[in-house]
Amino acid sequence: VIGQGKLTLDCAQHLLDQGHTIHGMVSANSDVREWAAQRNIPNIDSTDDQDAFLGQWVFDFLFSIINPNKVSPFLLALPQRAAINFHDAPLPRYAGLHVTSWAIANQEQRFGVTWHEMNEQFDAGKILKQAEFPIDPEETAFSLNVKCFQMGGEIFAELIDELAEGREIRRAQDLSLRSSFLSSRRPDAAAII
């Protein structure tokens with residue numbers, strides 16, 4: 001598991017509760033590393049050598065959960081079944097970063113979350129699980145992020161059951177519908193009116 005924050009911990013705890021093994025965790029967040037250490041799960045900081053650390057095990061799935069960094073091609077090739085990422089937006093629309101802010105700026109009425117396979121193209125792998133929900137009129141990027149993380153945790157539980165039973169459905173993204181928001185992209189005039 002690679003990630004940081006509460007959703008990473010919630011998903012990792014769900015894996016343990018369902019009897020799955022977590023071989024290692026990678027996080028820039030000290031709370032995540034402390035949580036892992038308390039459960040005797042080997043862990044490293046995200047600035048450490050992730051390839052060497054995760055390369056020491058044979059495992060079925062690599063989960064990237066609230067991970068702002070691109071995963072190396074070496075790590076993508078390690079899992080026996082899939083490398084899976086949580087994205088806090090409905091793909092293929094809203095690929096990239098800070099997407100909840102862009103959804104608010106674009107006055108979207110609906111938003112969502114996606115669990116998808118990772119490949120070398122950012123946020124472009126096959127969709128495994130997706131859910132959408134309405135955006136409230138007074139929504140902020142913060143409140144929309146909270147909704148995304150809550151929904152992400154809910155459908156993660158469903159995804160794990162599907163993966164464990166081998167009944168997951170993998171749906172290719174229609175990349176002609178893709179919109180990307182890079183970290184270098186900023187609103188015009190710093191969003192000052």
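Since the structure is predicted, the reported quantities are computational estimates derived from the model, not experimental observations. Only heavy atoms go into these numbers, but all of them, side chains included; no hydrogens, no water, no symmetry mates.
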Chemist: Tell me whether the count of non-hydrogen atoms from other residues, nucleotides or ligands lying under 6.0 Å of CD in Q107 goes above 12.
Modeler: no

Chemist: Tell me, please, which residues at least two apart from Y94 pass ring-ring contact (aromatic ring centres under 6.0 Å, His included).
Modeler: F111, F181

Chemist: F86 vs W115 aromatic rings, parallel, tilted or perpendicular, using cut-offs 30° and 60°?
Modeler: tilted

Chemist: Applying ring-ring contact (aromatic ring centres under 6.0 Å, His included), can you list everything that pairs with F149, at least two apart in sequence or on another chain?
Modeler: none

Chemist: For S27 and Q4, test the side chains for any donor-to-acceptor distance below 3.5 angstrom and give the result as yes or no.
Modeler: no

Chemist: Measure the shortest side-chain to side-chain distance between M118 and L75 over non-hydrogen atoms and say whether it is less than 4.5 angstrom.
Modeler: no

Chemist: Using the side chain to side chain donor-acceptor pair (under 3.5 Å) definition, which of the options K129, Q173, E132, Q130 pairs with T114?
Modeler: Q130

Chemist: Do L78 and W57 have side chains that approach each other closer than 4.5 Å (heavy atoms only, starting at C-beta)?
Modeler: no

Chemist: For L177, does the CG atom have more than 12 heavy-atom neighbours from other residues, nucleotides or ligands under 6.0 Å away?
Modeler: yes

Chemist: To the nearest 0.5 angstrom, please state how far the CD atom of E162 sits from the CD1 atom of I155.
Modeler: 9.5 Å

Chemist: Go through it in stages, so that I can follow the logic: the residues are I2 and L54, the test is side chain to side chain contact (heavy atoms under 4.5 Å, CB included), and I'd like the CA-CA distance, side-chain angles, deciding distance and then a yes or no.
Modeler: CA-CA 10 Å; I2 302 173; L54 294 177; 4.1 Å; yes

Chemist: Measuring only between side-chain heavy atoms, which start at C-beta, is C11 closer than 4.5 Å to V1?
Modeler: no

Chemist: Do L163 and I84 come within less than 4.5 Å of each other through their side chains, counting heavy atoms only?
Modeler: yes

Chemist: Without hydrogens or angle criteria, can the side chains of Q38 and E34 be said to hold a donor-acceptor pair below 3.5 Å?
Modeler: yes

Chemist: For G96, does its backbone N or O pair with a side-chain atom of D123 as donor and acceptor, under 3.5 Å?
Modeler: yes

Chemist: Would you check, one step at a time, whether the test side chain to side chain contact (heavy atoms under 4.5 Å, CB included) holds for R39 with M25?
Modeler: CA-CA 11 Å; R39 287 152 184 83; M25 293 186 74; over 6 Å; no

Chemist: How long is the span from the CD atom in Q121 to the CG atom in L175, to the nearest 0.5 Å?
Modeler: 5.5 Å

